[in-house]
Number of protein chains: 2
Amino acid sequence: MIGCPKCSEVGSIMKAGYVRNKQRYVCKDCNYFFTLSDPGQVLPRKKSRRHQTTIIDIAKAIGVSNSTVSRALHGHADISPETRQAVLDMAAQLDYQPNQLAYNLVKSRTNTIGMIVPEFTNSFFPNVIIGAHEVLTEAGYNLTIMQSNESYAVEVSNTKAMLANRIDGLLISLTQETNNYDHLKVFEKRGIPLVLFNRVCDHVEAPKVVVNDFDASFSAVEHLILNGYERIAHLGGPLNLRVSRERLRGYRAAMEKYGKNIEENMIIQGMFSQQKARIYGKYLLDLENRPDAIFAVNDSAAIEIMLMALEKGIKIPDQLGVVGFSDNPESAYIGPGLTTIRQPTAEIGKTTAKWILQLVESEEEVKLPNETVLKTELVVRGSSKRNPS
Amino acid sequence: MIGCPKCSEVGSIMKAGYVRNKQRYVCKDCNYFFTLSDPGQVLPRKKSRRHQTTIIDIAKAIGVSNSTVSRALHGHADISPETRQAVLDMAAQLDYQPNQLAYNLVKSRTNTIGMIVPEFTNSFFPNVIIGAHEVLTEAGYNLTIMQSNESYAVEVSNTKAMLANRIDGLLISLTQETNNYDHLKVFEKRGIPLVLFNRVCDHVEAPKVVVNDFDASFSAVEHLILNGYERIAHLGGPLNLRVSRERLRGYRAAMEKYGKNIEENMIIQGMFSQQKARIYGKYLLDLENRPDAIFAVNDSAAIEIMLMALEKGIKIPDQLGVVGFSDNPESAYIGPGLTTIRQPTAEIGKTTAKWILQLVESEEEVKLPNETVLKTELVVRGSSKRNPS
DNA sequence: TTGTAAGCGTTATCAC
DNA sequence: GTGATAACGCTTACAA
């Protein structure tokens, strides 16, 4: 055991090359370089306070090798009960905490699933996270969450960080800006499983978890029609997202089925944001011949419209029917209640998590990409109920 | 260059001990062990598809050492522009992605801040996360979030996982069950900075970020009194949490200041949960001589009470005043609107993040534990407004 | 300016 | 049942 000639520290002495064929050492504690011209010249003093106890410390303390310690710690077979107990005791005594970093490095896996969501402000993604978290935790995985903030650039940098941190799998819902998918292809190339949910795209070979946007949208518009609304506007999302396209498609299908005239100037597709919702809403409500109902792509937009209608003295549901999408917490309580589509958020999270686990844990055999479509539910409230039915 | 005698693979050959004083190898691709009795016997075939490119691959490819590559990649000084460019080009060509795990291991830091929250269902914690996330991302840190689910056991296991993963600092809001703080003391002992927020405790030496619960509570109750309510009940949280104690204290202080009689049977302290809120709410509303106002510890509880009052035909605010705490999204819209205390959620997140950054980045010098008290705001809505004022 | 080699804390293989 | 030792991928002090 070597001690530092300057500070007498032991335990922070490291080899540092050779000087005239002699081993040279450095004390990491006081940064002093020396050779051992006179071995055993100094006495050990105390442990560095910065040092975290490692399996080697345990090994030294009870006089076994680090491999023995490792085995004991992991409950491997072929180890004598006494040795194991000694190791365990010493580990507790030295307050040993395994270093997951080293473990991950040698195992080339991290037991961590990454998740990238575009935003956090609505209740949708937090609820998805709750579901995913539950399943992953149960299976012994960690969940690392990043937020792309609806920015493509941030999303790309998030995926880079995930890659660098060697997550075992990625769950992602794309931003409304995302049109290029190279950053996702990297995952395919590296064999890192990927599951898309909610905001999916068609250009990536990976399981996708979505809801039946088309049907949901269809039933929402049908519901409006059955309540006597004729001139229904659609306030949609950006068309590069499949959710937006599907919801638009459902709208058109319902209108066509019931022989309603679709006025193209009453269909607006745009980015998700409160500001945009207000601008588009104002446009629709200020139209000379304004619609008698609006189906919005999400509740936030629908709520903006309801508030605006209130300001303008337009009566809901008599003069204007409104339907949203997602069932935010406030939707049940606003005005006469907002009719909306409830998404099974927790189940979306659980399903994506189950998918990723299956992919991560399947040995080499990558399953064929698949798509899970979960069911939504039309929640009828006052904002659209003109028929006493 | 050695190839596997069985599958001809090169690049996945690793040394594997000795056999009769001869170096033994293993092919990681086909798991075949062999020695080199006849060197150069097999020809290289192709790279393993599993292999991730490392700095060594780059080094080999352009004929320099790995240290040179490392330096080039990190833009160190003292490297010739040509070499650097060659390294950068080759890195791009080989699609090199740095291994953060290895980096972290050698640097003993992860650039990751951990955050443990008790729940996710209310908007409070998601909003705090948004704030913290923003500041940390800005500063180049990752944020790993875990959810303790209001369970002490889960919280302890979460802190263990955080420790194992060697986060650089921890942000934590305690569960309502937490009464023992040994799992936090470990962080102190290891010199890992810690910041408590919202659900803090007094037994840990660490910066705390809270709101002025006492004042907020005082002003809420005062507001009720000024609106002519006399017999005000308090539906509080578990008393081991300081938030609960402070809100109770504020309630008492306001009642005393205005000479109101405090009826102890109208003060209930209990766990946060929808079920409990219903049970306690029912108890209060069914009292023979029921209170004419209720100040609840959070909006979820207040909303349960409002719904129950509606069922029972108790008029709000005429027969019952209600005030909550936190300003959930739905609170603005429920019934006549719920009067509540708005907390600066994003700022709470930002402040905790700034604290932890300061602690993490301060060299050795640990600042004295401090407490930041952020201001709340009384949001008056219909549920408590009996005075026309 | 570049190369050499030790070290970060583990796991796992093989020898004994 | 236990001990050596290579390996995981990287940084860095020192030598060249």
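Throughout, a chain's letter reflects where its sequence line sits, starting with A, and its residues are numbered from 1.
No side-chain N or O of A/Gln93 forms a donor-acceptor pair with one of A/Asp89 less than 3.5 Å apart. For the residue pair A/Gln100 / B/Arg166, no side-chain donor-acceptor distance below 3.5 Å is found, with atom types taken as modelled.
Considering only side-chain N and O atoms, B/Tyr103 lies nowhere under 4.0 angstrom from the phosphate OP1 or OP2 of D/dT12. Contact annotation: A/Ser65 side-chain N/O to D/dG3 OP1/OP2 distance is under 4.0 Å. Neither OP1 nor OP2 of C/dT1 sits under 4.0 Å from any side-chain N or O of B/Thr83. For C/dT11, the OP1/OP2 oxygens have a side-chain nitrogen or oxygen of A/Ser70 closer than 4.0 Å. Between A/Ser80 and the phosphate of D/dT2, there is a side-chain N or O to OP1/OP2 separation shorter than 4.0 Å.
The separation between A/Leu94 atom CG and C/dG9 atom P is 14 Å, rounded to whole Å. The CG atom of B/Leu101 sits 12 Å away from the C1' atom of C/dT10 (whole-angstrom rounding). Per the geometry, CD belonging to B/Gln52 stands 14 Å off C1' belonging to D/dC10, to the nearest Å. Counting to the nearest Å, the P atom of C/dG9 and the CZ atom of B/Arg190 are 11 Å from each other. Distance CG (B/Asp57) to C1' (D/dG9): 10 Å, rounded to an integer number of Å. Whole-Å rounding puts the A/Ile58 CD1 to D/dT2 C1' distance at 16 Å. We find that CD of A/Gln97 is positioned 11 Å from P of C/dT10, with the value rounded to whole Å. Protein atom CD of A/Glu82 is 10 Å distant from nucleotide atom P of D/dG1, rounded to whole Å.
Panel note: side chain A/Asn165, backbone A/Ile167; no donor-acceptor pair is recorded below 3.5 Å.
Of all nucleotides listed (C/dG9, D/dT2, C/dA12), C/dA12 comes nearest to the side chain of A/Lys107. The A/Arg71 side chain lies nearest to D/dT2 when the options are C/dT11, D/dT12, D/dT2.
At a threshold of 4.0 angstrom between heavy atoms, the contacts of B/Leu105 include nucleobase atoms, whether or not backbone atoms are also involved. Across all strands, A/Ile55 comes closer than 4.0 Å to base atoms (heavy-atom distances). Across all strands, A/Ser67 comes closer than 4.0 Å to base atoms (heavy-atom distances).
Atom OG1 of A/Thr110 sits about 11.5 Å away from atom CG of A/Leu105, to the nearest 0.5 Å.
Enclosure of atom NZ in A/Lys185 by more than 12 non-hydrogen atoms of other residues, nucleotides or ligands within 6.0 angstrom is indicated.
Checking B/Val106 against B/Asn66, the closest nucleotide of DNA chain C that is more toward the 5' end is the one next to B/Asn66. Each of B/Gly63 and B/Ser108 has a nearest nucleotide on DNA chain C; the 5'-most of these lies closest to B/Gly63.
The aromatic rings of B/His183 and B/Tyr152 lie perpendicular to each other, with more than 60° between the two planes, well past the 30° mark.
At a cut-off of 3.5 angstrom, counting only N and O atoms as typed in the model, there is no donor on one side facing an acceptor on the other between the side-chain of B/Arg166 and the base of C/dG9.
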